[in-house]
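See structure below.
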Amino acid sequence: AQRVTQPEKLLSVFKGAPVELKCNYSYSGSPELFWYVQYSRQRLQLLLRHISRESIKGFTADLNKGETSFHLKKPFAQEEDSAMYYCALMDTNAGKSTFGDGTTLTVKP
Amino acid sequence: DTEVTQTPKHLVMGMTNKKSLKCEQHMGHRAMYWYKQKAKKPPELMFVYSYEKLSINESVPSRFSPECPNSSLLNLHLHALQPEDSALYLCASSQDFRRGNSPLHFGNGTRLTVT
């Protein structure tokens, strides 16, 4: 069975501070991991995928298979980063994606 | 067109009604999905279609009936729903997930209220 855990329901930081949103997963195969973001009144959208090792809007996420983690990081948070963030794992054999419970990030001025 | 379009945006139906939710994408994606999302909860997978064939049904009650008429369209037929079925229903699409690196593209959802 696949499982995704985001331990923080709410996270609040000040503008300019570093931010880390935690994600741990449980999966027997080789996982594909994603971060999705939902800004206020917008649709759920892709932020990052582990396979691309990219930086989007200053965010990065590294897959650590030893710790089964895929934490999302940004060195200097901005107010426009305030949103709901979901970590998700896809089983590529079946197309089944499992989402964590989400973390609501608030960046204060 | 890089969007997934869902109609209607809002739907109110009685427990004896029959209605349908519609979803459309023109990105050439061959996988389409229905998710259900309750307030302050993550999306929960209901159905997966791959190349227009149903590949996953997550033990969804038969009062929900999916249909994929072609590679661009996905419907969800609703009949005899219960008030606890009230939720946001999200459609998503992706490239062939078996090839990997296939993130989900979500629609804005249909807000369903069952009275």
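Numbered from 1 within each chain, the chains take letters A, B, ... in sequence-line order.
Closest heavy-atom contact between Lys96(A) and Leu45(B): CG-CD2, 3.7 Å. Summarising the geometry of Ile56(B) relative to Gly95(A), their closest heavy-atom pair is CD1-C, 4.5 Å, with the distance given to 0.1 Å. In this structure, Leu44(A) and Pro43(B) approach most closely via the heavy-atom pair CD2-CG, 3.8 Å. The heavy-atom pair separating Gly107(B) from Arg43(A) by the smallest distance is CA-NH1, 3.7 Å. A pairwise comparison of heavy atoms in Ser97(A) and Leu104(B) identifies OG-CD1, 3.7 Å as the closest pair. When all heavy atoms of Pro42(B) and Gly100(A) are compared, the closest pair comes out as CB-O, 3.1 Å.
If you measure heavy-atom distances from Ile51(A) to chain B, the contacts under 4.5 Å come from the side chain alone. In this structure, chain B has no heavy atom under 4.5 Å from any part of Thr98(A). In this structure, chain A has no heavy atom under 4.5 Å from any part of Glu44(B). Contact annotation for Asn93(A): only backbone heavy atoms (N, CA, C, O) come within less than 4.5 Å of a heavy atom of chain B. Heavy-atom distances place the side chain of Ser55(B), and not its backbone, under 4.5 Å from chain A.
Note on Tyr25(A): it does not cluster hydrophobically with Phe97(B), by side-chain heavy-atom contacts below 4.5 Å among ILVMFWY residues. Note: the hydrophobic cluster containing Val60(B) also contains Met13(B) (ILVMFWY, side chain heavy atoms under 4.5 Å, direct or indirect links). Taking hydrophobic clusters as Ile, Leu, Val, Met, Phe, Trp and Tyr residues chained together by side-chain heavy-atom distances below 4.5 Å, Val37(A) shares a cluster with Val107(A). When hydrophobic clusters are built by joining Ile, Leu, Val, Met, Phe, Trp and Tyr residues whose side-chain heavy atoms come closer than 4.5 Å, directly or via intermediates, Trp35(A) is grouped together with Val19(A). Side-chain heavy atoms closer than 4.5 Å link hydrophobic residues (I, L, V, M, F, W, Y) into clusters, and following such links, possibly through other members, connects Leu76(B) to Leu11(B).
To the nearest 0.5 angstrom, Met90(A) atom CE is 4.5 Å from Ser94(B) atom OG. Rounding to the nearest 0.5 Å places CE of Met84(A) at 7.5 Å from NZ of Lys40(B). Taking CG from Asn101(B) and NE2 from His50(A), the interatomic distance works out to 8.5 Å, rounded to the nearest 0.5 Å. Expressed to the nearest 0.5 Å, how far CD of Gln37(B) lies from CZ of Phe99(A) amounts to 8.5 Å.
In Lys41(B), the NZ atom is not crowded: 12 or fewer heavy atoms of neighbouring residues, nucleotides or ligands sit closer than 6.0 Å. At most 12 non-hydrogen atoms from other residues, nucleotides or ligands lie less than 6.0 angstrom from NZ of Lys15(A). Applying the 6.0 Å contact sphere to CZ of Arg63(B) captures more than 12 heavy atoms from other residues, nucleotides or ligands. Atom CZ of Phe76(A) has 12 or fewer neighbouring heavy atoms from other residues, nucleotides or ligands inside a 6.0 Å radius. Atom CD of Glu67(A) has 12 or fewer heavy atoms from other residues, nucleotides or ligands within 6.0 Å.
In this structure, Phe106(B) and Gln45(A) have side chains that are not in contact, with every pair of non-hydrogen atoms separated by 4.5 Å or more.
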